[in-house]
Structures are given as structure tokens and as C-alpha cells.
Amino acid sequence: MKTVIYIFGFFLLSSFSVFSQSKIVVFQTDFGLKDGAVAAMKGVSMSVSQDLKLFDLTHEIPAYNIWEAAYRLEQTASYWPRGSVFVSVVDPGVGTERKSVVVKTKSGHYFVGPDNGTFTLIAESLGIEEVHEIDEALNRRQNSQASYTFHGRDVYAYTGARLAAGVITLGQVGKRLPNDVVRISYQKAKLEANNIVGNIPILDIQYGNVWTNIPADLLKKWGIKAGQKVKVTIWDGSQQVFEENIPFANTFGEVPEGQNLCYLNSLLQFSLAINMGDFAGKYGIKSGPDWKIKISK
């Protein structure tokens with residue numbers, strides 16, 4: 001009887017490890033779609049299991065831009081089901097001693113890629129539950145050891161697919177590391193005296209709007225309302241590049257065409273725009289960890 005119970009218990013445990021994943025793999029790279037690199041990664045994944053569901057976050061991250069990769073994960077990950085596996089490959093240090101890891105967040109999502117700063121923002125917003133270094137002796141595409149420059153195909157897509165399909169558990173990825181990742185330094189949103197300071201992490205590149213990391217609840221605490229003007233100052237590092245008083249509006253059409261406005265973007269964060277215009281282009285604003293913004297009454 002004990003044997004039967006043990007076998008049945010083992011079967012339940014095994015089934016849970018296989019089916020606890022969503023079978024979803026979401027890819028992000030700076031490869032573009034001009035060649036076969038992305039298709040190769042998907043082919044490796046489907047060779048692991050044809051039951052997987054493969055999706056693209058984006059493959060248009062500017063070349064080598066680890067910060068933007070970090071932001072795009074932050075922008076999208078929380079909308080995906082628990083168990084989704086994100087394979088993010090923006091890896092200018094490919095083949096060097098940087099670690100290859102799988103990060104499980106407290107939200108139940110998995111992130112596969114180089115530990116080079118890519119996981120900065122999801123670590124902060126979703127929290128880290130576990131970090132494991134990928135053991136390439138166990139989790140690397142067969143007969144790929146001679147390749148040093150395409151870990152996205154040979155290590156990350158392969159490991160991510162095996163994890164998503166339930167072929168391996170998180171513990172079988174490799175040795176567990178401390179619950180931390182390489183972090184990129186940037187200006188956190190906070191109140192300073194009667195001002196709010198923050199970072200410009202990204203541009204709404206289709207329209208030229210400028211997005212910040214200043215959340216709506218901080219603005220509410222500060223006491224700003226639609227119709228009021230705020231003084232906006234922007235720096236690139238130590239160089240001031242913009243300063244102007246701008247009205248805070250609920251939507252673009254509340255100001256005349258061609259006029260500047262402040263508003264809350266779709267992530268409920270303080271943003272800047274020109275109604276029917278390109279704010280970033282007009283004023284030479286860019287984004288990244290070195291870009292800082294201050295708003296004052």
C-alpha cells in the first residue's frame with residue numbers, strides 16, 4: 001500500500017511540474033527581422049515541444065540597448081499569465097563571463113537571458129523569488145558547444161522552451177544564486193521638497209511623446225489637477241536641455257493642436273506630448289538611465 005501511495009504521490013508531483021507552466025514563451029531581442037536569427041530561436045523552441053505557444057514582445061530593441069530591453073519587459077510582463085517564460089536577448093557581452101540566468105519573480109513569471117541589467121526593472125516591480133544560473137552542460141542545444149556568439153539560440157531559447165514545456169523544473173536549470181541581479185542605476189521617482197524628480201525611461205516612439213517613471217499616485221499626493229500648469233525641467237546627465245511651464249490635461253484634445261501638454265500615459269505615468277506633434281523630436285529629448293526630469297508647481 002505504501003508503494004502505491006508513493007507512486008501515486010510521485011505521479012501527482014511530476015504532473016504538477018509538467019503542467020504548472022503556461023507553455024507560453026515570449027521573445028525579445030535586438031536582432032530585428034531582416035535575417036533568420038529569430039526564426040532559428042523559435043525553431044529550437046518548437047523542437048523541444050510542438051505544444052508551445054510562441055510570441056514576440058519585440059525584436060526592434062536598438063542594438064546593444066540593455067536599458068530599453070529592461071523597460072520593455074517591465075512594460076509588458078505583468079499582463080501575461082503566471083508561468084509565462086520571457087526569453088530576452090540583448091547581449092553585447094555574449095560569450096564573456098557574464099552569467100546566464102533564469103529569474104522567477106514573485107508574480108510567477110520566468111525571465112531567461114544574460115544577467116547584464118536586463119532584469120533591473122522587473123526585479124523591482126515584480127520582486128525576485130529565485131535566481132538560477134543556467135548549467136550549459138545540461139541546458140544547451142545539442143552539438144552547439146563550438147558556437148560562442150548565439151546564446152540566444154543555443155542556450156536561452158533552448159532553456160526557456162524546456163522550462164515552459166515542463167521538460168525541466170526551475171531547480172534543474174542550474175545552481176541557485178542569491179535573489180538579486182545586475183542593476184542599472186537610474187533616478188527613481190520621488191518627492192524632493194515641493195518638487196517631483198524622476199527618470200525618462202522610454203519614448204513613445206511612434207508619436208514622439210516623452211514617458212517618465214513618475215506614477216499617478218505620486219502626482220495625486222503632490223496635489224496636481226487637470227488644468228493646472230507645472231514647470232518641467234529635463235536634463236541629459238548634468239546638461240539641462242529643456243524647461244517650460246506646461247498645462248496638465250486629461251487628454252490631447254484639451255489643448256489646441258500644436259500645443260504642449262502633460263498627461264498620464266496608458267501606464268498611468270506622467271508624460272509629455274504635443275497635440276498632433278512630436279515633443280521628443282522638437283526639443284531633442286531622448287531616453288535612458290541618464291535622463292532626469294523635475295516637475296515643480
Side-chain angles (χ1 to χ4, degrees), residues 28 30 32-33 56-63 65 67-79 121 125 186-297:
Q28 170 176 268
D30 60 349
L33 295 172
D56 299 304
L57 194 164
T58 181
H59 299 291
E60 301 302 328
I61 299 293
N65 194 325
W67 172 262
E68 188 158 324
Y71 183 84
R72 295 304 181 194
L73 290 176
E74 160 74 3
Q75 181 184 10
T76 57
S78 63
Y79 297 102
L121 298 178
S125 63
Y186 69 98
Q187 176 63 60
K188 306 289 180 63
K190 63 178 181 178
L191 281 167
E192 282 188 351
N194 197 35
N195 308 312
I196 300 179
V197 295
N199 167 248
I200 299 174
I202 206 75
L203 302 178
D204 185 359
I205 54 177
Q206 181 68 16
Y207 302 105
N209 301 336
V210 173
W211 287 12
T212 81
N213 65 340
I214 298 171
D217 58 354
L218 192 56
L219 292 170
K220 183 177 180 180
K221 183 178 179 180
W222 193 49
I224 188 68
K225 297 179 181 179
Q228 292 180 295
K229 283 192 172 183
V230 296
K231 182 179 178 181
V232 177
T233 310
I234 296 174
W235 293 267
D236 176 9
S238 61
Q239 181 180 0
Q240 182 178 316
V241 297
F242 179 85
E243 186 173 85
E244 187 175 308
N245 292 314
I246 303 176
F248 185 70
N250 288 318
T251 191
F252 308 104
E254 292 181 8
V255 303
E257 186 173 328
Q259 183 172 315
N260 296 342
L261 69 141
C262 313
Y263 70 103
L264 292 178
N265 67 12
S266 59
L267 301 177
L268 298 182
Q269 294 167 325
F270 183 84
S271 300
L272 303 164
I274 298 174
N275 185 16
M276 300 291 286
D278 181 344
F279 191 101
K282 180 176 180 178
Y283 298 109
I285 308 300
K286 296 183 181 178
S287 62
D290 296 330
W291 283 80
K292 181 179 176 181
I293 185 170
K294 179 176 75 173
I295 57 176
S296 310
K297 292 180 181 177

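When a residue number appears, it is its place in the shown sequence, counting from 1.
With contacts defined as side-chain heavy-atom distances shorter than 4.5 Å, the pair Q187/W235 does not qualify. Side chains of P289 and Y71 form no contact here, defined as non-hydrogen atoms less than 4.5 Å apart. The shortest distance between side-chain heavy atoms of L73 and L57 falls below 4.5 Å.
Scanning for ring pair (Phe, Tyr, Trp, His ring centres under 6.0 Å) contacts around W67 gives Y186, with sequence neighbours left out. The side-chain hydrogen bond (donor to acceptor under 3.5 Å, both in side chains) check on E74 picks up S125, with sequence neighbours excluded. Taking Y207 as the reference, nothing meets the ring pair (Phe, Tyr, Trp, His ring centres under 6.0 Å) condition, with sequence neighbours excluded. For the side chain to side chain contact (heavy atoms under 4.5 Å, CB included) test, residues two or more places apart in sequence or in another chain that qualify with L191 are I196, L218, K221, W222. Applying the ring pair (Phe, Tyr, Trp, His ring centres under 6.0 Å) criterion to F248, with sequence neighbours excluded, gives no partner residue. Listed by chain and number, the residues in a side chain to side chain contact (heavy atoms under 4.5 Å, CB included) with E68 are I61, P62, N65, R72, I202 (sequence neighbours excluded).
Contact record, L203 with A280: CD1-CB, 3.9 Å, taken as the closest heavy-atom pair. Closest non-hydrogen pair, P247 versus Q259, comes out as CG-NE2, 3.7 Å. Heavy-atom minimum distance, C262 versus V230: SG-CG2, 3.7 Å. Heavy atoms only, all atoms of each residue included: I274 and L261 are closest at C-CD2, 4.2 Å.
For the atom pair Q239 CD and I234 CD1, the distance stands at 12.5 Å (nearest 0.5 Å). With rounding to the nearest 0.5 Å, the separation of OH in Y263 from CG in L272 is 8.0 Å. Between atom CZ of residue F270 and atom CG of residue N265 there is a gap of 10.5 Å, rounded to the nearest 0.5 Å. The CD1 atom of I205 sits 9.0 Å away from atom OG of S287, with the distance rounded to the nearest 0.5 Å. Separation of atoms CG (N245) and OG1 (T233) is listed at 8.5 Å; rounding is to 0.5 Å.
Side chain of T212 to backbone of V210: no donor-acceptor contact under 3.5 angstrom is found. Side chain of Q28 to backbone of A69: a donor-acceptor contact under 3.5 angstrom is found.
Applying the ring-ring contact (aromatic ring centres under 6.0 Å, His included) test to every pair with at least one member in residues 278-297, sequence neighbours left out, gives these pairs: F242-F279, F242-Y283, F279-Y283. For residues 225-234, the set of pairs meeting the salt bridge (charged side-chain N to carboxylate O under 4.0 Å, His left out) definition, not counting sequence neighbours, comprises K231-E243. The salt bridge (charged side-chain N to carboxylate O under 4.0 Å, His left out) pairs that include a residue from residues 248-270 number zero, where partners must be two or more places apart or lie in different chains. Applying the side-chain hydrogen bond (donor to acceptor under 3.5 Å, both in side chains) test to every pair with at least one member in residues 189-202, sequence neighbours left out, gives these pairs: N195-S296. Residue pairs that meet the side-chain hydrogen bond (donor to acceptor under 3.5 Å, both in side chains) test with at least one member in residues 272-282, sequence neighbours left out, do not exist here. The salt bridge (charged side-chain N to carboxylate O under 4.0 Å, His left out) contacts involving residues 284-297 comprise nothing, where partners must be two or more places apart or lie in separate chains.
None of N209, D236, V241, I293 except one satisfies the side-chain contact (heavy atoms from CB on, under 4.5 Å) rule with I285; the exception is V241.
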For this session: I would like to know whether I295 and L219 meet side-chain contact (heavy atoms from CB on, under 4.5 Å); could you show each step before the answer?
Result: CA-CA 10 Å; I295 57 176; L219 292 170; 3.6 Å; yes

